[in-house]
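What you are looking at is a predicted structure, and each value in this text was computed from that prediction instead of being measured.
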Amino acid sequence: MQQSLVGEGPARPRIERQAVTRVFDGITCYEVPARAALERVPEAAELPFTWGASPYRGCEAGCGYCTARRGHRYLGLDPGCDFSTKIVVKTDLARRLRRELDSPAGAASRSRWASPATATSPPRRSTA
């Protein structure tokens, strides 16, 4: 747990200071504008595409092997227990994606991207 710089209890996660926060059925959702829609997939992932797009960070399924967990630490969240209960929702992903794909750099990558989730699929609930 992060400690406050002024020594008065735990600090609020960075994302809580920047987002609209909503709670649904025990899941905290942080709504933020998307800074980027397309994300480069690391070569080490050995996937058949080089770009991905996701409308949110975090997932209710909480798969232990998910490489997206590291991003939660940057937001001031725990990549272990917070990944499946605190989800960052990108509110304007469609607009940002259109703009990025219309750019010269986006045009070059159009044939090499995939999305692990769609804008209409909610954060998944684990069935295990």
Side-chain angles (χ1 to χ4, degrees):
M1 167 94 30
Q2 290 180 328
Q3 291 296 316
S4 170
L5 294 176
V6 293
E8 298 176 12
R12 288 177 43 210
R14 176 184 315 184
I15 190 67
E16 286 185 6
R17 297 186 303 260
Q18 302 170 344
V20 173
T21 304
R22 302 181 195 279
V23 179
F24 302 97
D25 196 25
I27 304 296
T28 302
C29 296
Y30 301 106
E31 297 178 2
V32 297
R35 291 189 336 187
L38 293 173
E39 302 163 347
R40 185 175 288 280
V41 175
E43 282 187 37
E46 298 180 358
L47 295 171
F49 46 87
T50 54
W51 295 93
S54 180
Y56 48 83
R57 294 171 80 174
C59 176
E60 198 173 4
C63 301
Y65 57 82
C66 185
T67 60
R69 286 180 173 274
R70 292 177 299 209
H72 261 48
R73 183 173 291 122
Y74 170 76
L75 300 172
L77 300 172
D78 184 292
C81 62
D82 288 344
F83 188 76
S84 60
T85 60
K86 297 184 178 181
I87 298 173
V88 180
V89 180
K90 300 174 187 176
T91 58
D92 63 342
L93 189 71
R95 180 187 56 80
R96 175 67 73 172
L97 184 59
R98 270 190 226 91
R99 189 164 65 195
E100 289 181 19
L101 289 176
D102 287 343
S103 74
S109 65
R110 281 189 192 141
S111 64
R112 300 280 310 185
W113 76 281
S115 177
T118 66
T120 58
S121 61
R124 295 177 294 271
R125 184 174 298 269
S126 176
T127 57

Self-check item: CG on L97 to CG on D102, rounded to 0.5 Å
Solution: 9.0 Å
Self-check item: salt bridge (charged side-chain N to carboxylate O under 4.0 Å, His left out) involving R95 - partner list, sequence neighbours excluded
Solution: D92
Quiz item: With sequence neighbours excluded, what pairs up with T28 under the side-chain contact (heavy atoms from CB on, under 4.5 Å) test?
Solution: T21, V23, Y30, K86
Practice problem: List the steps and the verdict of side chain to side chain contact (heavy atoms under 4.5 Å, CB included) for Y56 and V88. | Solution: CA-CA 5 Å; Y56 48 83; V88 180; 5.9 Å; no
Self-check item: Taking every non-hydrogen atom, the tightest pair across I27 and S84
Solution: CD1-O, 3.5 Å
Practice problem: With sequence neighbours excluded, give me every ring-ring contact (aromatic ring centres under 6.0 Å, His included) pair touching residues 83-102. | Solution: H72-F83
Quiz item: Which heavy atom of C63 sits nearest a heavy atom of R69, and at what distance?
Solution: O-NE, 3.1 Å
Practice problem: Work out which heavy atom in V89 is nearest to a heavy atom in C29; give both atom names and the distance. | Solution: CG2-CB, 4.1 Å
Practice problem: Could I get the full list of side chain to side chain donor-acceptor pair (under 3.5 Å) partners for R22, not counting sequence neighbours? | Solution: E31
Practice problem: Look only at the side chain of R96 and the backbone of A34, and say whether a donor-acceptor pair between them is shorter than 3.5 Å. | Solution: yes
Quiz prompt | Interatomic spacing from OG1 in T85 to CG in L77 - rounded to 0.5 Å | solution = 8.5 Å
Practice problem: Working to the nearest 0.5 Å, report the span between CH2 of W51 and CD of E100. | Solution: 8.5 Å
For residues 39-49, tabulate all N or O donor-acceptor pairs below 3.5 Å that involve a side-chain atom, not counting sequence neighbours.
residue: E39; atom: OE2; partner: K90; partner atom: NZ; Å: 2.8

Quiz prompt | Minimum side-chain heavy-atom gap L75-R57 below 4.5 Å | solution = yes
Quiz prompt | Where V32 and A19 come nearest, the two heavy atoms and their spacing | solution = CG1-CB, 3.4 Å
Quiz item: Does L101 reach the side chain of L38, with side-chain heavy atoms less than 4.5 Å apart?
Solution: yes
